[in-house]
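First the structure, in the form of structure tokens, and then the observations on it.
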Amino acid sequence: MNADAIIIGAGACGLMCAVQAGYLGKKVIVLEKNEKPGAKILISGGGRCNYTNQFASAEQFISSNPHFIKSSFTQWTVDDTISFFETYGIQGKEKTLGQLFPDEKNAKDVVQVFTSICDDFGQEIRSNVDVKEIEITSDGFKVTYEKNGKRTVLTSKKLVVATGGLPIPKMGATDFALRFARKHDLKIVETAPALVPLTITGKDEEWFAQLSGNSVFCEVSNEEISFEENILFTHWGLSGPAILQISSFWRRGEVINLNLLPHHNMVSLLDNERKSNGKTLLSTLLNRFYTKKFTDALGKFLPLSKPVASLTKVEIDLIEQTIHQFKVKPAGDKGYDKAEVMRGGIDTNEISSKTLECKKIPNLFFGGECLDVTGWLGGYNFQWAWASGFVIAQNI
């Protein structure tokens, strides 16, 4: 046997698994397709790496089995993540909504923590390798990989598949885990891009495109859920944190609702303005809340040049509806190239929630994004990756 376990994938889950295995005196070999470990960590948060969220719990995850991750989150908590990184010199700084970023450090430093500990423990990370074949043997697994045209065979009693999901193919993302799971008759929950910008086409396309670069604080909702954060208009549709959040819950053909002024009541604002200064134009009132460009664009729907005192009941209803219930029917999304994560994945019913071991194939473990566990935007997916890596390490 070459190692106690072979880990395929040196992303967040695979690296945490290797480190935690090292603490327990277990020898692992990590196989990574990219030139360097931690490719997606390095680009996360614009290179700053939102490595966890103070409020992470099972509530912020989408899965066919919402209870599945509770065991992992009990075994490895947010506090565990925070103290782990603090031990290695990375202090967390909250940006917004519980999102923790390294204070005065960045994503490179996060990856450096893992590679240094792996060096200390003698855990090998072999980069630039292409896994060609996995054979299940009577006493474990035989993994064949290719590097620079040369094939190498490794054996181990346990195997960890932590190869991530489909987003950002140019970062080396592949469907490796899904193909491997299908080959062994494991169920897959249908996959789709998540935390992804949405596109607008057809008659509304031009209206959205002209606002490209404008950001508005909104409550974005559908029948299932709502998020309050900024939306960003782009030349092909909508992006920004609130749109990325709702995209994980959106299905093609559905309408989403934008409340463009979530902390105010438009009717009250008009009423108060009418009492204090009825000559104020509607455009002047709206300019207090929006950029001039955005207010002007609303002129397509609203009587901007009318003084508030002259507005009719029908017009007031129209203003209220436009501001608080702006309906958008996206045409689609920007796909895996622009998605932060994948929705769906290997069905969690195939996996033990306590150990993350495959129920049908003993000594085979899956962790991180390849499973049907999708977190909200804001460090939640990293928390799941660290927790699943830790849990697997305890059981290999």
Side-chain angles (χ1 to χ4, degrees), residues 1-40 111 114-115 117-166 169 171-186 188 345-346 350-351 355-371 388-389 391-396:
M1 294 278 161
N2 296 94
D4 294 308
I6 295 166
I7 300 171
I8 304 178
C13 174
L15 289 171
M16 181 60 95
C17 187
V19 161
Q20 296 295 337
Y23 290 140
L24 298 169
K26 299 170 184 176
K27 165 89 172 107
V28 301
I29 297 171
V30 189
L31 302 179
E32 170 55 45
K33 189 171 186 289
N34 284 302
E35 276 179 45
K36 290 178 183 165
K40 266 181 91 173
V111 174
F114 291 105
T115 52
I117 304 170
C118 282
D119 284 349
D120 291 347
F121 284 129
Q123 307 289 46
E124 279 184 74
I125 301 173
R126 300 185 187 179
S127 298
N128 254 336
V129 306
D130 189 7
V131 174
K132 293 293 187 189
E133 203 181 324
I134 298 169
E135 192 185 325
I136 300 170
T137 63
S138 57
D139 60 349
F141 300 87
K142 192 195 274 187
V143 177
T144 304
Y145 71 83
E146 194 172 281
K147 178 170 181 167
N148 302 330
K150 180 173 172 282
R151 290 206 166 200
T152 303
V153 177
L154 296 175
T155 57
S156 74
K157 186 147 175 46
K158 316 232 172 176
L159 179 68
V160 180
V161 178
T163 52
L166 298 168
M171 298 300 300
T174 70
D175 61 349
F176 180 92
L178 301 177
R179 274 186 289 123
F180 181 62
R182 277 196 194 97
K183 185 180 171 185
H184 294 286
D185 298 322
L186 304 182
I188 307 284
I346 297 163
E350 302 280 12
I351 310 294
T355 63
L356 302 185
E357 184 175 12
C358 180
K359 291 174 183 174
K360 288 178 187 163
I361 306 166
N363 298 319
L364 170 64
F365 298 80
F366 290 95
E369 198 187 339
C370 64
L371 289 170
S388 57
V391 170
I392 294 169
Q394 310 310 300
N395 295 287
I396 55 176

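Keep in mind that what you see is a predicted model, and the values were worked out from it rather than measured.
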Kindly indicate whether the side chain of [X], heavy atoms from C-beta on, has any atom under 4.5 Å from the side chain of [Y].
X: F141; Y: L364; result: yes
X: L166; Y: L178; result: yes
X: L24; Y: Q394; result: yes
X: V131; Y: T163; result: no
X: F121; Y: V28; result: no
X: V30; Y: C118; result: no

How long is the straight-line distance from [atom2] of [Y] back to [atom1] of [X], given to the nearest 0.5 Å?
X: T115; Y: L15; atom1: OG1; atom2: CG; answer: 8.0 Å
X: K36; Y: I125; atom1: NZ; atom2: CD1; answer: 13.0 Å
X: I134; Y: I6; atom1: CD1; atom2: CD1; answer: 8.5 Å
X: R179; Y: C370; atom1: CZ; atom2: SG; answer: 12.5 Å
X: D120; Y: Y23; atom1: CG; atom2: OH; answer: 9.0 Å
X: K157; Y: D4; atom1: NZ; atom2: CG; answer: 10.5 Å

(message) Test of understanding: with side-chain hydrogen bond (donor to acceptor under 3.5 Å, both in side chains), list the residues that count as partners of N2, not counting sequence neighbours.
(response)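 Checked N2 against side-chain hydrogen bond (donor to acceptor under 3.5 Å, both in side chains); matches are T155.
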(request) Sorted by first residue and then second, give each salt bridge (Lys or Arg N to Asp or Glu O under 4.0 Å) pair with at least one member in residues 22-33; sequence neighbours left out. (result)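 Every salt bridge (Lys or Arg N to Asp or Glu O under 4.0 Å) pair that includes a residue of residues 22-33, provided the two are not neighbours, is K27-E124.
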(request) Please work out which of the three classes, parallel, tilted or perpendicular, describes the rings of F180 and H184, given edges at 30° and 60°. (result)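 Judged by the thresholds at 30° and 60°, the geometry between H184 and F180 is perpendicular.
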Indicate yes or no for a side-chain donor-acceptor contact from [X] to the backbone of [Y] under 3.5 Å, with no hydrogens or angles considered.
X: K158; Y: N395; value: yes
X: E146; Y: D130; value: no
X: K360; Y: D185; value: yes
X: E357; Y: N363; value: yes
X: Q20; Y: A393; value: no

What is the minimum heavy-atom distance between [X] and [Y], and which atoms define it?
X: L186; Y: F366; value: CD1-CE1, 3.8 Å
X: A5; Y: I396; value: CB-CD1, 3.8 Å
X: T152; Y: R126; value: CG2-NH1, 4.3 Å
X: I392; Y: C13; value: CD1-SG, 4.5 Å
X: S388; Y: G368; value: OG-N, 3.1 Å
X: A177; Y: I346; value: O-CD1, 4.0 Å

(request) Give a yes or no on this: more than 12 heavy atoms of other residues, nucleotides or ligands lie within 6.0 Å of atom NZ of K147. (result) yes
